[in-house]
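All values below were derived from every heavy atom in this structure, side-chain atoms included, with hydrogens, water molecules and symmetry-related copies excluded. Numbers restart at 1 for each chain; the letters A, B, ... are given by sequence-line order, proteins then strands.
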Number of protein chains: 2
Amino acid sequence: MEILIAEDEKKIANSLKKSFAEEGHHAIIALDGEKALELIREIVFDVILLDWRMPKVNGLEVLKTIRKNGVKTPIILLTALSDISNKVEALNAGADDYITKPFSFEEVLARINAVLRRSAEETNIIKCENFNLDLINRVIVSSDKKTKLTDKEFELLKYFISKKGVIVSKDELCANVWGINFNPHTNIVEVTIKNLRKKLEEATCNNFIKTIYGEGYLFISE
Amino acid sequence: MEILIAEDEKKIANSLKKSFAEEGHHAIIALDGEKALELIREIVFDVILLDWRMPKVNGLEVLKTIRKNGVKTPIILLTALSDISNKVEALNAGADDYITKPFSFEEVLARINAVLRRSAEETNIIKCENFNLDLINRVIVSSDKKTKLTDKEFELLKYFISKKGVIVSKDELCANVWGINFNPHTNIVEVTIKNLRKKLEEATCNNFIKTIYGEGYLFISE
DNA sequence: ATAAAAAATTAAAAACTTTTAATAATTCTT
DNA sequence: AAGAATTATTAAAAGTTTTTAATTTTTTAT
């Protein structure tokens with residue numbers, strides 16, 4: 001992993017760099033804000049550790065500048081205890097997390113992993129017509145609301161989306177959502193479809209699931 | 001997307017290529033198995049459509065050869081109805097899906113999306129010491145079993161993993177797993193930890209969650 | 001138009017999750 | 001070593017989800 005350490009205290013910066021090296025990561029040190037900005041322009045980092053108090057250009061300024069330039073690299077702020085009041089300001093300016101000094105290397109690593117995971121999670125989203133399906137949190141995300149799905153509703157919607165534009169039979173749904181050896185002598189598919197339709201309708205104001213009489217269901221594409 | 005169409009019927013191949021182009025994808029046609037193998041050696045495709053019956057080297061041979069060479073690109077077999085008996089053979093040889101002729105372009109696109117999603121899902125896995133956490137299906141995967149987690153167990157384990165090697169307090173767990181404004185006057189954290197510990201123990205034969213008396217819990221790293 | 005088949009709706013039963021509360025076991029301090 | 005604080009365990013209550021079953025509505029074919 002490529003890490004930028006923007007930190008003017010050489011001791012801290014060097015010890016972090018050394019620890020990262022032991023973990024197999026490559027870190028570059030910037031001793032002031034100006035240098036940090038310069039490096040960020042040149043190199044694509046996986047994560048940026050940014051000290052709040054730095055010579056020439058301070059952390060907040062760096063943060064604002066790079067976010068304004070559209071750089072989305074995860075950023076973790078390093079702040080002294082007395083700077084805590086600036087936490088909200090920092091998060092509002094586009095920081096992903098912050099760590100209070102003094103910190104252990106393990107803590108830094110844990111925060112980095114958490115931040116990277118969080119940003120990875122954000123990509124675990126299926127984009128649909130006028131809504132998104134968040135695969136990790138199992139919610140339908142539309143412009144103004146989030147609708148939590150149950151297990152079966154989630155599996156069903158996921159399957160429908162994967163078969164968008166193709167008619168799927170009830171047997172197929174049974175096999176793929178409930179499991180291959182499941183033969184219901186009940187209307188469980190209809191009931192679950194009803195519930196999913198209701199949530200989709202509430203979330204998106206659209207009826208995506210069309211019934212094809214005698215054949216099955218069709219998840220409409222556009 | 002870069003797509004290989006290995007199909008000897010020029011009509012079908014060309015119409016697929018045209019449809020893909022309309023969708024913004026770039027397709028390359030191979031009219032026989034030999035050409036297909038040659039192209040696969042040269043180009044990294046996102047997905048390969050492979051006809052079962054082809055001149056020179058047939059689909060199954062192509063399939064076996066490229067899988068033997070360690071190529072993991074998703075492959076969808078195109079088969080005539082009469083070839084259906086070979087379906088199992090094909091899937092065993094490493095195909096990801098198969099489509100029976102005649103097919104609509106929409107069906108092909110849907111299958112491609114499903115296959116790509118499936119292979120993307122396989123990357124949605126957090127690797128831990130001697131187990132994996134499947135983020136989509138919410139199961140602990142160890143060498144021999146899969147253990148399904150409930151909502152709260154999943155959130156809790158995910159949080160622990162993100163804070164691996166760092167002590168997390170009960171308040172912190174409350175805030176991050178149950179929600180920021182949740183102050184329990186009960187032992188709900190302890191109970192959920194107990195249940196998670198049991199499942200982790202069953203799945204991995206390890207006790208990853210250590211209690212730090214008076215401080216909180218520690219998810220052990222290695 | 002009508003009957004038969006298929007799908008939708010509703011509501012209650014069964015199964016599972018989450019929360020609560022009481023009790024037991026462990027850890028720390030003096 | 002005893003008492004206080006903390007954590008673990010157990011089991012029952014409350015809340016959700018999943019399944020079942022009966023009834024109503026819609027669709028298709030005669």
query: What pairs with B:Glu172 under salt bridge (Lys or Arg N to Asp or Glu O under 4.0 Å), at least two apart in sequence or on another chain?
result: B:Lys163
task: Could you tell me which residues satisfy salt bridge (Lys or Arg N to Asp or Glu O under 4.0 Å) with A:Glu155, sequence neighbours excluded, listed by chain and number?
output: none
Rounded to whole angstrom units, what separation is found between the [atom1] atom of [X] and the [atom2] atom of [N]?
X: A:Leu173; N: C:dA6; atom1: CG; atom2: P; result: 17 Å
X: B:Leu196; N: D:dT9; atom1: CG; atom2: C1'; result: 16 Å
X: B:Leu149; N: C:dT18; atom1: CG; atom2: C1'; result: 15 Å
X: B:Arg138; N: D:dT17; atom1: CZ; atom2: P; result: 12 Å
X: A:Lys210; N: D:dT26; atom1: NZ; atom2: P; result: 17 Å
X: B:His185; N: C:dA22; atom1: NE2; atom2: P; result: 12 Å
X: A:Lys198; N: C:dT10; atom1: NZ; atom2: C1'; result: 11 Å
X: B:Lys199; N: C:dT18; atom1: NZ; atom2: C1'; result: 12 Å

message: Tell me whether the side-chain N/O atoms of B:Thr150 come closer than 4.0 Å to OP1 or OP2 in C:dT17.
response: no
task: Tell me whether the OP1 or OP2 atom of C:dT18 has a side-chain N or O from B:Trp178 closer than 4.0 Å.
output: no
Atom pairs and distances, side-chain donor-acceptor, residues 10-17 of chain B, under 3.5 Å, sequence neighbours left out:
| from | atom 1 | to | atom 2 | distance (Å) |
| --- | --- | --- | --- | --- |
| B:Asn14 | ND2 | B:Lys10 | O | 3.2 |
| B:Lys17 | NZ | B:Ala27 | O | 3.4 |

query: What pairs of residues pass the salt bridge (Lys or Arg N to Asp or Glu O under 4.0 Å) test when at least one of them lies in residues 191-208 of chain A, not counting sequence neighbours?
result: A:Glu153-A:Lys199
- request: Would you check if the side chain of B:Thr211 reaches a backbone N or O of B:Tyr213 as a donor-acceptor pair within less than 3.5 Å?
  value: no
task: Looking only at side-chain atoms of B:Lys152, point me to the closest of C:dT18, C:dT20, D:dT20.
output: C:dT18
message: For nucleotides 3-8 of chain D, give me one character per nucleotide, 5' to 3': B if any protein heavy atom sits under 4.0 Å from the base, S if the only such contacts are to the sugar-phosphate, - if neither.
response: --BSSS
- prompt: Could you go step by step and tell me if B:Phe20 and B:Phe105 meet the ring pair (Phe, Tyr, Trp, His ring centres under 6.0 Å) rule?
  reply: CA-CA 9 Å; B:Phe20 282 131; B:Phe105 174 70; 5.3 Å; yes
- request: Just jot down the ring pair (Phe, Tyr, Trp, His ring centres under 6.0 Å) partners of A:Phe154, sequence neighbours excluded, or say none.
  value: none
query: Base, sugar-phosphate, or nothing: which does A:Asn195 touch, judged by heavy atoms less than 4.0 Å apart?
result: nothing
